[in-house]
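Below is one structure, written out as structure tokens, with a few remarks after it.
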Amino acid sequence: MKERTMIVDVGLGNVGAIYNILKYIGVEAFLSSNPSELKSCSRVILPGVGSFDAGVKALHKSNFFEPLQTLALGADTPLLGICLGMQILLESSEEGVEQGLGLIKGRACRFKKTDAKMKIPHMGWNHANAIRQSSLFSNESEDYRFYFTHSYHAVCDDPENVVASTFYGYEFPSIIQNNNVFGVQFHPEKSHRYGMALLTEFSKIT
């Protein structure tokens with residue numbers, strides 16, 4: 001099968017920017033709103049901005065919800081969730097009442113202010129500090145910096161699912177992983193060379 005990365009396009013994020021950066025780094029990618037095309041791709045990216053419930057409902061409405069679960073759990077196809085897409089990989093969120101994909105055990109929680117100067121949402125550049133090995137990192141010792149914009153963050157039931165953490169008032173998981181399922185809280189498509197490096201490593205996972 002030809003190496004092709006599918007970007008799920010159901011109105012959840014700036015899919016064009018993700019497609020363009022993949023094209024720039026030489027990764028064969030395509031946008032799709034058709035879940036049947038999951039069978040013909042080598043890896044999947046689930047982007048997302050907006051609210052948790054709206055994101056989950058969009059996946060149900062477009063008939064992507066169950067196929068994504070089957071793909072990740074049964075076919076072992078690498079799946080990368082970005083920002084809201086990462087939170088939807090979890091079981092639930094304090095932001096809403098819908099159930100997430102449940103591919104990584106845990107939930108999304110709203111940032112808790114640690115002082116009066118702490119602004120929510122968390123916006124701008126910040127470090128992602130590697131905690132354990134992951135195929136998303138080519139060099140664990142490198143100082144990775146990414147662009148964030150979010151009010152909720154992951155809380156994983158199993159600490160082994162936390163690949164990297166970021167400090168904003170306190171440490172929170174910024175990269176999570178469960179086998180072939182990956183999630184990043186930041187926007188690699190807005191993170192220049194660091195984002196390109198991460199997406200390049202994701203494109204090598206089989």
Side-chain angles (χ1 to χ4, degrees), residues 1-19 22 27-93 95-108 134-136 150 152-158 161-163 173-189 198-199 201-206:
M1 181 178 69
K2 184 178 179 181
E3 287 286 308
R4 302 171 77 222
T5 297
M6 175 175 168
I7 304 167
V8 176
D9 184 10
V10 292
L12 292 182
N14 187 5
V15 294
I18 298 171
Y19 173 81
L22 289 173
V27 174
E28 182 76 25
F30 67 103
L31 306 175
S32 180
S33 55
N34 182 356
S36 68
E37 292 191 282
L38 288 169
K39 298 176 183 177
S40 62
C41 66
S42 47
R43 60 193 60 83
V44 180
I45 294 178
L46 175 63
V49 295
S51 69
F52 187 86
D53 279 6
V56 172
K57 288 177 181 177
L59 289 182
H60 279 296
K61 185 177 180 180
S62 58
N63 296 315
F64 262 102
F65 194 90
E66 286 81 9
L68 281 173
Q69 289 178 317
T70 301
L71 181 88
L73 296 174
D76 291 330
T77 301
L79 169 63
L80 173 65
I82 295 176
C83 199
L84 175 64
M86 164 179 161
Q87 295 174 14
I88 291 174
L89 299 177
L90 302 167
E91 296 171 294
S92 63
S93 173
E95 188 180 18
V97 298
E98 296 291 329
Q99 293 298 302
L101 290 165
L103 299 173
I104 299 178
K105 301 298 183 184
R107 63 199 180 283
S134 170
S135 20
L136 291 182
H150 61 120
Y152 294 79
H153 62 80
V155 175
C156 295
D157 290 354
D158 185 351
N161 290 143
V162 181
V163 169
S174 50
I175 303 179
I176 59 178
Q177 178 183 349
N178 181 25
N179 298 321
N180 59 307
V181 178
F182 304 82
V184 296
Q185 185 56 73
F186 46 82
H187 288 275
E189 76 278 11
L198 182 138
L199 290 172
E201 294 306 314
F202 178 69
S203 72
K204 297 176 182 176
I205 300 172
T206 57

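For clarity, every value in this text was computed on a predicted model and none was experimentally measured.
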Reported CZ-to-CE distance for the pair Phe182 and Met86, which is rounded to 0.5 angstrom: 13.0 Å
Side chain to side chain contact (heavy atoms under 4.5 Å, CB included) evaluation trace for Arg107 with Leu90: CA-CA 5 Å; Arg107 63 199 180 283; Leu90 302 167; 5.6 Å; no
Heavy-atom side-chain proximity of Asn14 to Val49 below 4.5 angstrom: no
Spatial distance of atom SG (Cys83) from atom CD1 (Ile88) [nearest 0.5 Å]: 10.0 Å
From Ile18 atom CD1 to Thr5 atom OG1, the distance as rounded to the nearest 0.5 Å: 11.5 Å
Side-chain (Asp53) to main-chain (Val97) donor-acceptor, under 3.5 angstrom: yes
Working for side chain to side chain contact (heavy atoms under 4.5 Å, CB included), residues Ile205 and Leu136: CA-CA 8 Å; Ile205 300 172; Leu136 291 182; 4.2 Å; yes
Point-to-point distance, once rounded to the nearest 0.5 Å, from CD1 of Ile7 to SG of Cys41: 11.0 Å
Main-chain N/O of Ser32 paired with Asp9 side-chain donor or acceptor, under 3.5 Å: no
Working for side chain to side chain contact (heavy atoms under 4.5 Å, CB included), residues Leu84 and Tyr152: CA-CA 9 Å; Leu84 175 64; Tyr152 294 79; over 6 Å; no
Asp158 side chain near Asn178 side chain, heavy-atom distance below 4.5 Å: no
Atom pair CG (Leu22) and CZ (Arg4), whose distance is rounded to the nearest 0.5 Å: 13.0 Å
Point-to-point distance, once rounded to the nearest 0.5 Å, from OG of Ser62 to CG of Leu68: 8.0 Å
Heavy-atom side-chain contact between Leu101 and Val181 under 4.5 Å: no
Option passing side chain to side chain contact (heavy atoms under 4.5 Å, CB included) with Arg43 (candidates Glu3, Lys204, Met6): Glu3
Exam field: side chain Ser33 to backbone Val10, donor-acceptor pair closer than 3.5 Å: no
Polar contact flag, side-chain donor to acceptor under 3.5 angstrom, Asn34-Ser36: yes
Taking every non-hydrogen atom, the tightest pair across Ser174 and Phe186: O-CE2, 3.7 Å
All pairs passing salt bridge (charged side-chain N to carboxylate O under 4.0 Å, His left out) where residues 70-93 contributes a residue, at least two apart: Glu91-Lys105
Nearest non-hydrogen partners of Ala54 and Leu12, listed with the distance: O-CD2, 4.3 Å
Ring pair (Phe, Tyr, Trp, His ring centres under 6.0 Å) involving Phe64 - partner list, sequence neighbours excluded: none
Minimum-distance pair of heavy atoms, taken over all atoms of Cys156 and Ile104: SG-CG2, 4.3 Å
Residue pair Gln87 / His153: nearest heavy atoms and the distance that separates them: NE2-N, 4.3 Å
Donor-acceptor pair, side chain of His187 and main chain of Glu189, under 3.5 angstrom: no
Main-chain N/O of Leu71 paired to Gln69 side chain as donor or acceptor, under 3.5 Å: no
Plane angle bin for Phe65 and His60 - parallel if under 30°, tilted between 30 and 60°, otherwise perpendicular: parallel
Tyr19 atom OH, over 12 foreign heavy atoms within 6.0 Å: no
Qualifying salt bridge (charged side-chain N to carboxylate O under 4.0 Å, His left out) pairs, either residue in residues 58-67, two or more places apart: none
Check: Asn180 side chain, Thr77 main-chain N or O, donor-acceptor pair, under 3.5 Å: yes
Check: Gln177 side chain, Val163 main-chain N or O, donor-acceptor pair, under 3.5 Å: no
Minimum-distance pair of heavy atoms, taken over all atoms of Glu95 and Phe52: OE1-N, 3.1 Å
Closest approach of Pro173 to Ala154 (non-hydrogen atoms, all atoms of both residues): CD-O, 3.0 Å
